[in-house]
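Below: one structure, written as C-alpha coordinates.
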There are 2 protein chains.
Amino acid sequence: MTRLVSLATPDDPRIDAYRVIKERDLVGRGGRFIVEGRTVLDVALSPRNRFALESLLIAESRAEALAPLLAQAPEHVPVYTASQAILDGITGFHIHRGLLGVGLRGQEASAAALLAGLPERALVVVALGITNHDNVGGIMRNAAAFGADAALFDFASCDPLYRKAIRVSVGGSLVVPFAREGSAEALLDLLATNGFELLAFSPSGTTMLKQLVRAPRTALMVGAEGPGLSAAIMARARTVRIPMAGGFDSLNVATAAGIALHHLADI
Amino acid sequence: MTRLVSLATPDDPRIDAYRVIKERDLVGRGGRFIVEGRTVLDVALSPRNRFALESLLIAESRAEALAPLLAQAPEHVPVYTASQAILDGITGFHIHRGLLGVGLRGQEASAAALLAGLPERALVVVALGITNHDNVGGIMRNAAAFGADAALFDFASCDPLYRKAIRVSVGGSLVVPFAREGSAEALLDLLATNGFELLAFSPSGTTMLKQLVRAPRTALMVGAEGPGLSAAIMARARTVRIPMAGGFDSLNVATAAGIALHHLADI
(Lines give C-alpha, C1' and ligand atoms only; values in the text may rest on other atoms or scores of the structure.)
Protein backbone atom coordinates (compact mmCIF):
# COMPACT_ATOMS: atom_id res chain seq x y z
CA MET A 1 0.00 0.00 0.00
CA THR A 2 1.23 3.44 -0.83
CA ARG A 3 2.08 6.02 1.75
CA LEU A 4 -0.67 8.63 1.84
CA VAL A 5 0.37 11.88 3.50
CA SER A 6 -2.68 13.87 4.56
CA LEU A 7 -2.32 17.65 4.42
CA ALA A 8 -3.96 19.91 6.99
CA THR A 9 -3.33 23.22 5.25
CA PRO A 10 -2.84 24.52 1.72
CA ASP A 11 0.34 26.27 2.91
CA ASP A 12 2.19 23.04 3.62
CA PRO A 13 5.74 23.58 2.25
CA ARG A 14 5.94 19.99 1.00
CA ILE A 15 3.62 20.90 -1.85
CA ASP A 16 5.33 24.13 -2.86
CA ALA A 17 5.85 22.80 -6.36
CA TYR A 18 2.07 22.76 -6.91
CA ARG A 19 1.61 26.37 -5.90
CA VAL A 20 1.03 29.62 -7.80
CA ILE A 21 4.21 29.51 -9.80
CA LYS A 22 4.43 30.72 -13.35
CA GLU A 23 4.63 27.59 -15.41
CA ARG A 24 7.53 29.08 -17.35
CA ASP A 25 9.52 29.20 -14.10
CA LEU A 26 8.52 25.74 -13.01
CA VAL A 27 9.36 24.15 -16.34
CA GLY A 28 12.38 26.28 -17.15
CA ARG A 29 14.42 26.86 -14.02
CA GLY A 30 12.87 24.42 -11.60
CA GLY A 31 13.58 21.28 -13.58
CA ARG A 32 10.06 20.12 -12.79
CA PHE A 33 6.85 19.58 -14.70
CA ILE A 34 3.20 18.94 -13.87
CA VAL A 35 1.23 15.86 -14.82
CA GLU A 36 -2.51 15.70 -14.31
CA GLY A 37 -5.53 13.52 -14.86
CA ARG A 38 -6.03 9.79 -14.84
CA THR A 39 -4.89 8.99 -18.39
CA VAL A 40 -1.58 10.83 -18.04
CA LEU A 41 -0.97 9.41 -14.54
CA ASP A 42 -1.50 5.92 -15.94
CA VAL A 43 1.42 6.57 -18.28
CA ALA A 44 3.46 8.41 -15.63
CA LEU A 45 3.23 5.40 -13.31
CA SER A 46 4.05 2.87 -16.03
CA PRO A 47 7.52 1.67 -17.08
CA ARG A 48 7.13 3.67 -20.31
CA ASN A 49 7.61 6.97 -18.43
CA ARG A 50 11.19 8.15 -18.92
CA PHE A 51 11.07 10.58 -15.98
CA ALA A 52 11.13 10.30 -12.20
CA LEU A 53 8.15 11.50 -10.20
CA GLU A 54 8.74 13.72 -7.19
CA SER A 55 5.29 13.48 -5.62
CA LEU A 56 1.58 13.09 -6.27
CA LEU A 57 -1.30 15.15 -4.94
CA ILE A 58 -4.85 13.81 -4.97
CA ALA A 59 -8.25 14.70 -3.64
CA GLU A 60 -9.15 12.69 -0.52
CA SER A 61 -12.41 11.73 -2.15
CA ARG A 62 -10.53 9.89 -4.91
CA ALA A 63 -7.97 8.08 -2.76
CA GLU A 64 -9.92 4.86 -2.49
CA ALA A 65 -10.81 4.61 -6.18
CA LEU A 66 -7.21 5.39 -7.16
CA ALA A 67 -5.57 2.98 -4.71
CA PRO A 68 -4.76 0.33 -7.36
CA LEU A 69 -3.13 2.96 -9.58
CA LEU A 70 -1.24 4.58 -6.71
CA ALA A 71 0.09 1.20 -5.64
CA GLN A 72 2.26 1.36 -8.79
CA ALA A 73 4.07 4.46 -7.51
CA PRO A 74 7.62 3.82 -6.30
CA GLU A 75 7.92 3.54 -2.51
CA HIS A 76 9.86 6.79 -2.15
CA VAL A 77 7.27 8.93 -3.96
CA PRO A 78 4.98 10.61 -1.43
CA VAL A 79 1.28 10.75 -2.26
CA TYR A 80 -0.25 13.81 -0.65
CA THR A 81 -3.99 13.87 -0.08
CA ALA A 82 -6.13 16.80 0.89
CA SER A 83 -9.74 17.83 1.13
CA GLN A 84 -11.21 19.68 -1.82
CA ALA A 85 -11.20 22.87 0.29
CA ILE A 86 -7.45 22.60 0.79
CA LEU A 87 -6.89 21.67 -2.85
CA ASP A 88 -8.82 24.76 -3.85
CA GLY A 89 -6.42 26.78 -1.69
CA ILE A 90 -3.48 25.61 -3.79
CA THR A 91 -4.24 28.00 -6.57
CA GLY A 92 -1.39 27.39 -8.95
CA PHE A 93 -3.20 24.88 -11.08
CA HIS A 94 -6.75 23.89 -11.60
CA ILE A 95 -6.95 20.37 -10.21
CA HIS A 96 -7.94 18.25 -13.18
CA ARG A 97 -10.12 15.45 -11.82
CA GLY A 98 -8.44 15.62 -8.41
CA LEU A 99 -5.18 14.09 -9.57
CA LEU A 100 -1.85 15.92 -9.99
CA GLY A 101 1.81 15.02 -9.91
CA VAL A 102 5.19 16.69 -10.15
CA GLY A 103 7.82 15.12 -12.40
CA LEU A 104 11.56 15.78 -12.55
CA ARG A 105 13.21 16.53 -15.86
CA GLY A 106 16.55 15.13 -14.69
CA GLN A 107 19.59 15.23 -16.92
CA GLU A 108 18.37 15.78 -20.48
CA ALA A 109 20.17 14.30 -23.46
CA SER A 110 21.33 16.69 -26.18
CA ALA A 111 19.97 16.17 -29.70
CA ALA A 112 23.41 14.88 -30.70
CA ALA A 113 23.46 12.30 -27.90
CA LEU A 114 19.89 11.29 -28.68
CA LEU A 115 20.62 10.67 -32.38
CA ALA A 116 23.90 8.90 -31.58
CA GLY A 117 21.97 6.37 -29.51
CA LEU A 118 19.44 5.43 -32.22
CA PRO A 119 19.55 2.19 -34.22
CA GLU A 120 20.51 2.01 -37.90
CA ARG A 121 16.85 2.07 -38.87
CA ALA A 122 15.13 4.96 -37.10
CA LEU A 123 12.27 7.38 -37.52
CA VAL A 124 12.55 10.85 -35.95
CA VAL A 125 9.86 13.53 -35.89
CA VAL A 126 11.25 17.05 -36.23
CA ALA A 127 9.03 19.97 -35.27
CA LEU A 128 10.23 23.43 -36.29
CA GLY A 129 8.67 26.66 -35.05
CA ILE A 130 5.63 24.97 -33.47
CA THR A 131 4.63 27.45 -30.77
CA ASN A 132 1.17 26.03 -30.05
CA HIS A 133 1.02 23.75 -26.98
CA ASP A 134 -1.85 21.69 -28.40
CA ASN A 135 0.07 21.00 -31.57
CA VAL A 136 3.26 20.03 -29.73
CA GLY A 137 1.18 17.75 -27.50
CA GLY A 138 -0.60 16.28 -30.52
CA ILE A 139 2.73 15.60 -32.23
CA MET A 140 4.04 13.80 -29.12
CA ARG A 141 0.82 11.77 -28.88
CA ASN A 142 1.17 10.65 -32.48
CA ALA A 143 4.91 10.00 -32.14
CA ALA A 144 4.14 7.69 -29.21
CA ALA A 145 1.20 6.03 -30.97
CA PHE A 146 3.35 5.11 -33.97
CA GLY A 147 6.50 4.30 -32.00
CA ALA A 148 8.74 7.08 -33.37
CA ASP A 149 12.27 6.64 -32.05
CA ALA A 150 12.70 10.27 -31.05
CA ALA A 151 11.37 13.79 -31.52
CA LEU A 152 13.40 16.94 -32.03
CA PHE A 153 12.15 20.50 -31.49
CA ASP A 154 13.95 23.69 -32.35
CA PHE A 155 14.11 26.29 -29.62
CA ALA A 156 11.37 28.30 -31.34
CA SER A 157 8.97 25.44 -30.61
CA CYS A 158 7.35 25.12 -27.21
CA ASP A 159 8.39 22.60 -24.60
CA PRO A 160 6.72 19.14 -24.77
CA LEU A 161 6.76 19.15 -20.95
CA TYR A 162 4.47 22.15 -20.64
CA ARG A 163 1.41 21.15 -18.70
CA LYS A 164 -1.02 21.49 -21.59
CA ALA A 165 1.30 19.77 -24.05
CA ILE A 166 1.61 16.78 -21.70
CA ARG A 167 -2.16 16.64 -21.25
CA VAL A 168 -2.88 16.78 -24.99
CA SER A 169 -0.17 14.17 -25.58
CA VAL A 170 -2.04 11.86 -23.15
CA GLY A 171 1.40 11.09 -21.73
CA GLY A 172 3.27 10.77 -25.04
CA SER A 173 5.59 13.55 -23.87
CA LEU A 174 6.78 11.22 -21.09
CA VAL A 175 7.38 8.31 -23.44
CA VAL A 176 9.08 9.47 -26.64
CA PRO A 177 12.72 10.56 -26.16
CA PHE A 178 13.04 14.19 -27.24
CA ALA A 179 15.41 17.13 -27.30
CA ARG A 180 14.59 20.81 -27.74
CA GLU A 181 17.47 23.02 -28.65
CA GLY A 182 19.05 25.38 -31.15
CA SER A 183 17.97 26.52 -34.58
CA ALA A 184 16.27 24.56 -37.34
CA GLU A 185 19.46 24.81 -39.37
CA ALA A 186 21.59 23.32 -36.59
CA LEU A 187 19.16 20.42 -36.18
CA LEU A 188 19.20 19.76 -39.93
CA ASP A 189 23.01 19.73 -39.91
CA LEU A 190 22.98 17.24 -37.08
CA LEU A 191 20.43 14.98 -38.79
CA ALA A 192 22.36 15.03 -42.06
CA THR A 193 25.60 14.20 -40.23
CA ASN A 194 23.87 11.22 -38.68
CA GLY A 195 22.72 9.88 -42.04
CA PHE A 196 19.05 10.87 -41.87
CA GLU A 197 17.10 11.57 -45.03
CA LEU A 198 15.30 14.87 -44.46
CA LEU A 199 11.62 14.85 -45.44
CA ALA A 200 9.96 18.29 -45.52
CA PHE A 201 6.16 18.04 -45.36
CA SER A 202 4.38 20.85 -47.16
CA PRO A 203 1.25 21.35 -49.32
CA SER A 204 3.73 22.37 -52.06
CA GLY A 205 5.88 19.23 -51.70
CA THR A 206 6.90 17.25 -54.78
CA THR A 207 6.69 13.58 -53.72
CA MET A 208 3.23 12.25 -52.89
CA LEU A 209 3.28 10.63 -49.44
CA LYS A 210 1.66 7.41 -50.67
CA GLN A 211 4.45 6.99 -53.24
CA LEU A 212 7.24 7.56 -50.75
CA VAL A 213 9.60 4.72 -49.84
CA ARG A 214 11.52 5.77 -46.77
CA ALA A 215 15.23 5.60 -46.08
CA PRO A 216 16.44 3.52 -43.11
CA ARG A 217 17.07 6.71 -41.16
CA THR A 218 14.23 9.13 -41.79
CA ALA A 219 13.52 12.56 -40.34
CA LEU A 220 9.91 13.73 -40.75
CA MET A 221 9.91 17.53 -40.57
CA VAL A 222 6.86 19.73 -40.02
CA GLY A 223 6.53 23.49 -39.55
CA ALA A 224 3.96 25.80 -38.00
CA GLU A 225 0.47 26.04 -39.46
CA GLY A 226 0.35 29.03 -41.74
CA PRO A 227 3.98 29.77 -42.55
CA GLY A 228 5.05 26.12 -42.72
CA LEU A 229 8.68 25.22 -43.30
CA SER A 230 11.01 27.92 -44.64
CA ALA A 231 12.30 27.93 -48.21
CA ALA A 232 15.81 27.32 -46.85
CA ILE A 233 14.65 24.14 -45.09
CA MET A 234 12.65 22.98 -48.12
CA ALA A 235 15.75 23.42 -50.29
CA ARG A 236 17.76 21.06 -48.10
CA ALA A 237 15.13 18.30 -47.99
CA ARG A 238 13.07 15.92 -50.07
CA THR A 239 9.69 17.66 -50.10
CA VAL A 240 6.59 15.55 -49.49
CA ARG A 241 2.94 16.38 -50.04
CA ILE A 242 -0.22 14.99 -48.48
CA PRO A 243 -2.79 15.54 -51.26
CA MET A 244 -5.79 17.64 -50.31
CA ALA A 245 -9.07 18.73 -51.85
CA GLY A 246 -8.72 21.90 -53.91
CA GLY A 247 -8.88 25.18 -52.13
CA PHE A 248 -9.26 23.99 -48.58
CA ASP A 249 -7.00 25.15 -45.79
CA SER A 250 -4.30 22.64 -45.00
CA LEU A 251 -4.43 19.99 -42.31
CA ASN A 252 -3.66 20.58 -38.67
CA VAL A 253 0.09 20.08 -38.23
CA ALA A 254 -0.26 17.31 -35.64
CA THR A 255 -2.76 15.52 -37.89
CA ALA A 256 -0.37 15.84 -40.84
CA ALA A 257 2.41 14.36 -38.68
CA GLY A 258 0.05 11.51 -37.71
CA ILE A 259 -0.76 10.75 -41.35
CA ALA A 260 2.95 10.80 -42.22
CA LEU A 261 3.84 8.57 -39.26
CA HIS A 262 1.16 6.06 -40.26
CA HIS A 263 2.79 5.77 -43.68
CA LEU A 264 6.41 5.78 -42.50
CA ALA A 265 6.41 3.79 -39.24
CA ASP A 266 7.39 0.12 -39.30
CA ILE A 267 4.49 -1.06 -37.14
CA MET B 1 -17.36 48.63 -51.88
CA THR B 2 -19.25 47.04 -49.03
CA ARG B 3 -21.71 48.86 -46.90
CA LEU B 4 -20.25 49.54 -43.48
CA VAL B 5 -22.83 50.34 -40.83
CA SER B 6 -21.22 52.09 -37.88
CA LEU B 7 -22.75 51.33 -34.50
CA ALA B 8 -22.99 53.99 -31.78
CA THR B 9 -24.05 51.72 -28.91
CA PRO B 10 -23.64 48.08 -27.88
CA ASP B 11 -27.43 47.94 -27.37
CA ASP B 12 -28.22 48.39 -31.06
CA PRO B 13 -31.00 45.86 -31.82
CA ARG B 14 -29.53 45.08 -35.24
CA ILE B 15 -26.80 43.07 -33.56
CA ASP B 16 -29.01 41.16 -31.15
CA ALA B 17 -27.77 37.87 -32.57
CA TYR B 18 -24.27 38.63 -31.26
CA ARG B 19 -25.41 39.25 -27.71
CA VAL B 20 -25.33 37.25 -24.48
CA ILE B 21 -27.37 34.36 -25.71
CA LYS B 22 -26.72 30.81 -24.66
CA GLU B 23 -25.10 29.20 -27.64
CA ARG B 24 -27.44 26.24 -27.30
CA ASP B 25 -30.37 28.59 -27.90
CA LEU B 26 -28.71 30.40 -30.76
CA VAL B 27 -27.73 27.21 -32.55
CA GLY B 28 -30.79 25.18 -31.68
CA ARG B 29 -33.87 27.36 -31.88
CA GLY B 30 -32.55 30.43 -33.58
CA GLY B 31 -31.41 28.75 -36.75
CA ARG B 32 -28.24 30.82 -36.56
CA PHE B 33 -24.58 30.17 -35.90
CA ILE B 34 -21.49 32.25 -35.20
CA VAL B 35 -18.39 32.40 -37.37
CA GLU B 36 -15.26 34.16 -36.18
CA GLY B 37 -11.69 34.91 -37.13
CA ARG B 38 -10.02 35.59 -40.44
CA THR B 39 -9.48 32.00 -41.57
CA VAL B 40 -13.09 30.98 -41.06
CA LEU B 41 -14.40 34.21 -42.61
CA ASP B 42 -12.27 33.53 -45.67
CA VAL B 43 -14.20 30.29 -46.10
CA ALA B 44 -17.54 31.85 -45.13
CA LEU B 45 -17.17 34.48 -47.87
CA SER B 46 -16.06 31.96 -50.51
CA PRO B 47 -18.31 30.00 -52.88
CA ARG B 48 -17.49 26.85 -50.88
CA ASN B 49 -19.66 28.02 -47.97
CA ARG B 50 -23.03 26.21 -48.13
CA PHE B 51 -24.79 28.69 -45.83
CA ALA B 52 -26.09 32.23 -46.13
CA LEU B 53 -24.63 34.95 -43.94
CA GLU B 54 -26.95 37.28 -42.08
CA SER B 55 -24.42 39.94 -41.08
CA LEU B 56 -20.83 40.62 -40.12
CA LEU B 57 -19.49 42.57 -37.15
CA ILE B 58 -15.93 43.87 -37.14
CA ALA B 59 -13.73 46.16 -35.09
CA GLU B 60 -13.37 49.62 -36.64
CA SER B 61 -9.62 49.30 -36.37
CA ARG B 62 -9.67 46.33 -38.75
CA ALA B 63 -12.08 47.72 -41.37
CA GLU B 64 -9.38 49.03 -43.70
CA ALA B 65 -7.22 45.90 -43.61
CA LEU B 66 -10.27 43.69 -44.16
CA ALA B 67 -11.76 45.74 -47.01
CA PRO B 68 -10.64 43.34 -49.77
CA LEU B 69 -12.16 40.39 -47.88
CA LEU B 70 -15.36 42.25 -47.05
CA ALA B 71 -15.76 43.19 -50.69
CA GLN B 72 -16.59 39.52 -51.30
CA ALA B 73 -19.66 39.70 -49.06
CA PRO B 74 -22.98 39.72 -50.94
CA GLU B 75 -24.51 43.19 -51.31
CA HIS B 76 -27.40 42.49 -48.96
CA VAL B 77 -25.22 41.40 -46.03
CA PRO B 78 -24.68 44.33 -43.65
CA VAL B 79 -21.21 44.77 -42.21
CA TYR B 80 -21.47 46.40 -38.79
CA THR B 81 -18.45 48.15 -37.40
CA ALA B 82 -17.89 49.42 -33.89
CA SER B 83 -15.16 50.71 -31.62
CA GLN B 84 -13.45 48.18 -29.38
CA ALA B 85 -15.25 49.73 -26.40
CA ILE B 86 -18.62 49.00 -27.99
CA LEU B 87 -17.52 45.53 -29.08
CA ASP B 88 -16.50 44.82 -25.49
CA GLY B 89 -20.03 45.78 -24.47
CA ILE B 90 -21.47 43.02 -26.61
CA THR B 91 -20.63 40.37 -24.09
CA GLY B 92 -22.06 37.27 -25.65
CA PHE B 93 -18.89 36.18 -27.35
CA HIS B 94 -15.26 37.03 -27.02
CA ILE B 95 -14.43 38.86 -30.23
CA HIS B 96 -11.78 36.69 -31.85
CA ARG B 97 -9.43 39.04 -33.70
CA GLY B 98 -12.17 41.62 -34.15
CA LEU B 99 -14.11 39.67 -36.74
CA LEU B 100 -17.46 37.94 -36.22
CA GLY B 101 -20.36 36.89 -38.37
CA VAL B 102 -23.80 35.33 -38.03
CA GLY B 103 -24.76 32.56 -40.43
CA LEU B 104 -28.17 31.10 -41.16
CA ARG B 105 -28.69 27.34 -41.04
CA GLY B 106 -31.52 27.47 -43.53
CA GLN B 107 -33.43 24.37 -44.53
CA GLU B 108 -31.28 21.38 -43.56
CA ALA B 109 -31.28 18.19 -45.58
CA SER B 110 -32.11 14.94 -43.79
CA ALA B 111 -29.50 12.20 -43.77
CA ALA B 112 -31.70 10.26 -46.20
CA ALA B 113 -31.88 13.19 -48.63
CA LEU B 114 -28.15 13.79 -48.31
CA LEU B 115 -27.27 10.18 -49.14
CA ALA B 116 -29.80 10.03 -51.97
CA GLY B 117 -28.02 12.92 -53.65
CA LEU B 118 -24.54 11.39 -53.60
CA PRO B 119 -22.82 9.90 -56.67
CA GLU B 120 -22.27 6.16 -57.19
CA ARG B 121 -18.75 6.47 -55.79
CA ALA B 122 -18.87 8.33 -52.49
CA LEU B 123 -17.04 8.60 -49.18
CA VAL B 124 -19.00 9.53 -46.07
CA VAL B 125 -17.58 10.16 -42.60
CA VAL B 126 -19.86 8.92 -39.81
CA ALA B 127 -19.25 10.20 -36.27
CA LEU B 128 -21.09 8.39 -33.48
CA GLY B 129 -21.25 9.66 -29.90
CA ILE B 130 -18.62 12.38 -30.41
CA THR B 131 -19.53 14.92 -27.73
CA ASN B 132 -16.30 16.93 -27.82
CA HIS B 133 -16.51 20.13 -29.90
CA ASP B 134 -12.81 20.05 -30.80
CA ASN B 135 -13.11 16.52 -32.13
CA VAL B 136 -16.23 17.29 -34.18
CA GLY B 137 -14.44 20.36 -35.56
CA GLY B 138 -11.32 18.33 -36.30
CA ILE B 139 -13.39 15.70 -38.12
CA MET B 140 -15.04 18.39 -40.27
CA ARG B 141 -11.65 19.96 -41.02
CA ASN B 142 -10.27 16.62 -42.17
CA ALA B 143 -13.42 15.76 -44.12
CA ALA B 144 -13.04 19.03 -46.02
CA ALA B 145 -9.29 18.59 -46.50
CA PHE B 146 -9.78 15.19 -48.14
CA GLY B 147 -12.94 16.06 -50.01
CA ALA B 148 -15.34 13.69 -48.24
CA ASP B 149 -18.74 13.79 -49.91
CA ALA B 150 -20.70 14.12 -46.67
CA ALA B 151 -20.56 13.70 -42.90
CA LEU B 152 -23.21 12.12 -40.69
CA PHE B 153 -23.50 12.61 -36.93
CA ASP B 154 -25.82 10.78 -34.58
CA PHE B 155 -27.81 12.94 -32.22
CA ALA B 156 -25.48 12.01 -29.35
CA SER B 157 -22.69 13.88 -31.17
CA CYS B 158 -22.40 17.61 -30.89
CA ASP B 159 -23.39 20.02 -33.63
CA PRO B 160 -20.73 20.86 -36.26
CA LEU B 161 -22.13 24.41 -36.27
CA TYR B 162 -21.25 25.08 -32.65
CA ARG B 163 -18.95 28.06 -32.49
CA LYS B 164 -15.91 26.15 -31.30
CA ALA B 165 -16.48 23.29 -33.73
CA ILE B 166 -16.58 25.76 -36.64
CA ARG B 167 -13.41 27.47 -35.42
CA VAL B 168 -11.49 24.20 -35.02
CA SER B 169 -12.77 23.06 -38.42
CA VAL B 170 -11.23 26.24 -39.93
CA GLY B 171 -14.46 26.49 -41.89
CA GLY B 172 -14.79 22.84 -42.83
CA SER B 173 -18.19 22.81 -41.07
CA LEU B 174 -19.42 25.29 -43.69
CA VAL B 175 -18.13 23.26 -46.62
CA VAL B 176 -18.88 19.55 -46.14
CA PRO B 177 -22.58 18.64 -46.41
CA PHE B 178 -23.67 17.07 -43.14
CA ALA B 179 -26.70 15.83 -41.24
CA ARG B 180 -27.07 15.24 -37.51
CA GLU B 181 -29.99 13.13 -36.47
CA GLY B 182 -31.24 9.97 -34.83
CA SER B 183 -29.48 6.99 -33.38
CA ALA B 184 -26.34 5.25 -34.58
CA GLU B 185 -28.48 2.24 -35.50
CA ALA B 186 -30.84 4.30 -37.66
CA LEU B 187 -27.88 5.89 -39.49
CA LEU B 188 -26.35 2.45 -40.12
CA ASP B 189 -29.66 1.19 -41.51
CA LEU B 190 -29.82 4.15 -43.84
CA LEU B 191 -26.23 3.71 -45.03
CA ALA B 192 -26.74 0.01 -45.67
CA THR B 193 -29.95 0.70 -47.61
CA ASN B 194 -28.00 3.12 -49.77
CA GLY B 195 -25.34 0.54 -50.60
CA PHE B 196 -22.56 1.81 -48.38
CA GLU B 197 -19.96 -0.57 -47.01
CA LEU B 198 -19.70 0.15 -43.28
CA LEU B 199 -16.13 0.48 -41.96
CA ALA B 200 -15.81 0.53 -38.17
CA PHE B 201 -12.48 1.98 -37.03
CA SER B 202 -11.22 0.54 -33.77
CA PRO B 203 -7.88 -0.49 -32.18
CA SER B 204 -9.40 -4.00 -32.10
CA GLY B 205 -10.34 -3.98 -35.79
CA THR B 206 -9.46 -6.95 -38.01
CA THR B 207 -8.45 -5.44 -41.36
CA MET B 208 -5.27 -3.32 -41.35
CA LEU B 209 -6.02 0.08 -42.91
CA LYS B 210 -3.08 -0.12 -45.33
CA GLN B 211 -4.44 -3.40 -46.72
CA LEU B 212 -7.95 -2.09 -47.20
CA VAL B 213 -9.40 -1.67 -50.69
CA ARG B 214 -12.52 0.42 -50.42
CA ALA B 215 -15.93 -0.16 -51.91
CA PRO B 216 -17.36 2.46 -54.29
CA ARG B 217 -19.68 3.66 -51.54
CA THR B 218 -17.79 3.73 -48.27
CA ALA B 219 -18.86 4.90 -44.80
CA LEU B 220 -15.95 5.59 -42.42
CA MET B 221 -17.29 5.26 -38.86
CA VAL B 222 -15.57 6.52 -35.72
CA GLY B 223 -16.70 6.59 -32.08
CA ALA B 224 -15.81 8.60 -29.01
CA GLU B 225 -12.31 8.39 -27.54
CA GLY B 226 -12.40 5.94 -24.69
CA PRO B 227 -15.52 3.85 -25.30
CA GLY B 228 -15.15 3.79 -29.09
CA LEU B 229 -17.81 2.14 -31.23
CA SER B 230 -20.25 -0.23 -29.55
CA ALA B 231 -20.10 -3.99 -30.00
CA ALA B 232 -23.44 -3.82 -31.83
CA ILE B 233 -21.99 -1.40 -34.38
CA MET B 234 -18.78 -3.39 -34.75
CA ALA B 235 -20.85 -6.51 -35.44
CA ARG B 236 -22.59 -4.86 -38.38
CA ALA B 237 -19.43 -3.53 -40.00
CA ARG B 238 -16.09 -4.47 -41.47
CA THR B 239 -13.71 -3.58 -38.63
CA VAL B 240 -10.53 -1.70 -39.49
CA ARG B 241 -7.42 -1.10 -37.41
CA ILE B 242 -4.77 1.60 -37.57
CA PRO B 243 -1.73 -0.21 -36.13
CA MET B 244 -0.15 1.43 -33.09
CA ALA B 245 2.89 0.95 -30.89
CA GLY B 246 2.25 -1.49 -28.05
CA GLY B 247 0.64 -0.18 -24.94
CA PHE B 248 0.10 3.40 -25.93
CA ASP B 249 -3.26 5.09 -25.68
CA SER B 250 -5.05 5.25 -28.99
CA LEU B 251 -5.01 8.13 -31.43
CA ASN B 252 -7.18 11.18 -31.14
CA VAL B 253 -10.44 10.41 -32.97
CA ALA B 254 -10.13 13.29 -35.45
CA THR B 255 -6.55 12.26 -36.21
CA ALA B 256 -7.68 8.67 -36.76
CA ALA B 257 -10.36 9.95 -39.15
CA GLY B 258 -7.70 12.01 -40.96
CA ILE B 259 -5.44 8.97 -41.39
CA ALA B 260 -8.38 6.91 -42.64
CA LEU B 261 -9.47 9.66 -45.06
CA HIS B 262 -5.93 9.94 -46.45
CA HIS B 263 -6.03 6.23 -47.27
CA LEU B 264 -9.61 6.12 -48.59
CA ALA B 265 -10.11 9.41 -50.45
CA ASP B 266 -9.71 9.50 -54.21
CA ILE B 267 -7.56 12.63 -54.30
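Throughout, protein chains are lettered first and strands after them, A, B, ... in sequence-line order, and every chain is numbered starting at 1.
- Here A/N252 is the residue among A/D42, A/N252, A/V168 with the most heavy-atom pairs under 4.5 Å with chain B.
- Closest approach of A/I259 to B/G258, counting heavy atoms only: CD1-O, 3.7 Å.
- Neither the backbone nor the side chain of B/L261 has a heavy atom closer than 4.5 Å to any heavy atom of chain A.
- The minimum heavy-atom distance between B/A144 and A/A245, with the atom names listed, is O-CB, 3.5 Å.
- Between A/K210 and B/H263, the shortest heavy-atom distance links the atoms NZ-O, 3.4 Å.
- One finds the CZ atom of B/R141 at 7.0 Å from the OG1 atom of A/T255 (value rounded to the nearest 0.5 Å).
- Going from atom CD1 of B/I267 over to atom CE of A/M208 covers 8.0 Å, rounded to the nearest 0.5 Å.
- Interface residue A/A265: only backbone heavy atoms are found under 4.5 Å from chain B.
- Side-chain contact between A/H262 and B/L209: present, with at least one pair of heavy atoms (C-beta onward) separated by less than 4.5 Å.
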